[in-house]
Amino acid sequence: MTHHDLAATAQALVAPGKGILAADESFGTIEKRFKSINLPSTEEHRRAYREMLFTAKGVGDFVSGVIMFDETIRHKTKAGMAFPKALATLGVMPGIKVDTGAKDLAGYPGEKITEGLDGLRERLAEYHALGATFAKWRAVITIGKHIPTRFCIDANAHALARYAALCQEAGVVPIVEPEVLMDGDHSGERCAEVTETTLESVFFQLHAHRVNLEGMLLKPNMVIPGKKAATRWSPEQIAKATVRCFLRAVPAAVPGIVFLSGGQTPQEATANLNAMNAMGGFPWQLSYSYGRALQDEALKAWGGDTANLAAGQAAFARRGKMVSAARYGKYTAKMEMGVA
Ligand code: 5MM
């Protein structure tokens, strides 16, 4: 795989009107999601839930790629087709989460470092053989009283860059995800400051590790006040602050920025992305790689009951249509009133 192939894959992942479905919940996270609908996290429930999403009618219209977890990429549809093949048949690219999770950073209370570099070259080769054309690694940055520290930001940026270089060596497009968490009562301004510092460190390290910027995607948080902040921002304020921050810190050579939803409601995540695309004036595609914002309504409508399979798929496609419209700045609040 050449630099040219990597760039083509990265561009296809942010094709107009499309974005990524993050369905790479590890065991702990999917258990938490299923708990909200009172469903035990058995292997068959996890498989059936993912099959419902991956095979929804029209999925290829709003999903360019799906990020899977190690267990999921090995699963098959009820009819016996491997998930990566089933997705490819629908024009959707299979992707894989390759980090092994964020752990406490020794010596730095309250901060995390993402693990998973040991043996990564070999794991990437296996995932590539299983059909993965892109991968994801998530670093977590927490805002608090005396944090984040410069050390934590740089350590996570270094690991992200090592991961990205190994991906490109394996012919896999890396999605680089430095997530500044929304947890806490910090202001939007504080989020902007931390996000900019984090992105600067990430791109310094990507350059040092000789990562080809045209053959990667960035998956960041939006610039947004903390969940418990007293002062809230409108979608227009969030859009303005986010675009300003990214114009300062993200090279134009990066083909696309695919936002995470990070605990925003489906409506918020859609409206905020829409406001950015309505603004224009930036060199990258601005798209989504949403987990919760794309799945929450579908998960509720499905409720773990096979009888609700069509309802779950309809809820998923309905949100998909709205986020896809947000890629063009054409989403309106009125669309929320439409039935599935
Ligand atoms: C879907 O959630 C992903 C996996 O999380 P765990 O490794 O903790 O199970 C997560 O990395 C996700 O891809 C991003 O955070 C974006 O998801 P949201 O829900 O924030 O859009």
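In each ligand, atom 1 is the first atom listed, and ligand 1 is the first ligand listed.
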Ligand 1 atoms nearer than 4.0 angstrom to some heavy atom of Tyr290 are 21 (O)
Near Thr29 (heavy-atom distance under 4.0 Å), the atoms of ligand 1 are 6 (P), 8 (O), 9 (O)
Nearest neighbour in protein (non-hydrogen) for atom 14 (C) of ligand 1
Glu177 OE2, 3.2 Å
Contact check: Arg33 vs ligand 1, nitrogen or oxygen atoms, below 3.5 angstrom
no
At under 4.0 Å between heavy atoms, is it the side chain or the backbone of Arg138 that contacts ligand 1, or both, or neither?
side chain
Using the side-chain hydrogen bond (donor to acceptor under 3.5 Å, both in side chains) definition, which of the options Glu71, Glu25, His45 pairs with Arg50?
Glu25
What salt bridge (Lys or Arg N to Asp or Glu O under 4.0 Å) pairs are there with at least one residue in residues 119-135, not counting sequence neighbours?
Arg74-Glu126, Arg121-Glu169
Judging by distance only, is a nitrogen or oxygen of Gly262 under 3.5 angstrom from one on ligand 1?
yes
Check the orientation of Phe34 and Trp302. Use parallel for under 30°, tilted for 30 to 60°, and perpendicular for over 60°.
tilted
With respect to Gln295, determine whether any N or O atom, backbone or side chain, lies less than 3.5 Å from an N or O atom of ligand 1.
no
In terms of atom number and element, which parts of ligand 1 are under 4.0 angstrom from non-hydrogen atoms of Asp24?
1 (C), 2 (O), 3 (C), 4 (C), 11 (O), 13 (O)
Could you check atom 4 (C) of ligand 1 against the protein and tell me its nearest heavy-atom contact, residue, atom and distance included?
Lys97 NZ, 3.3 Å
So is Ala293 touching ligand 1 or not, going by heavy atoms under 4.0 Å?
no
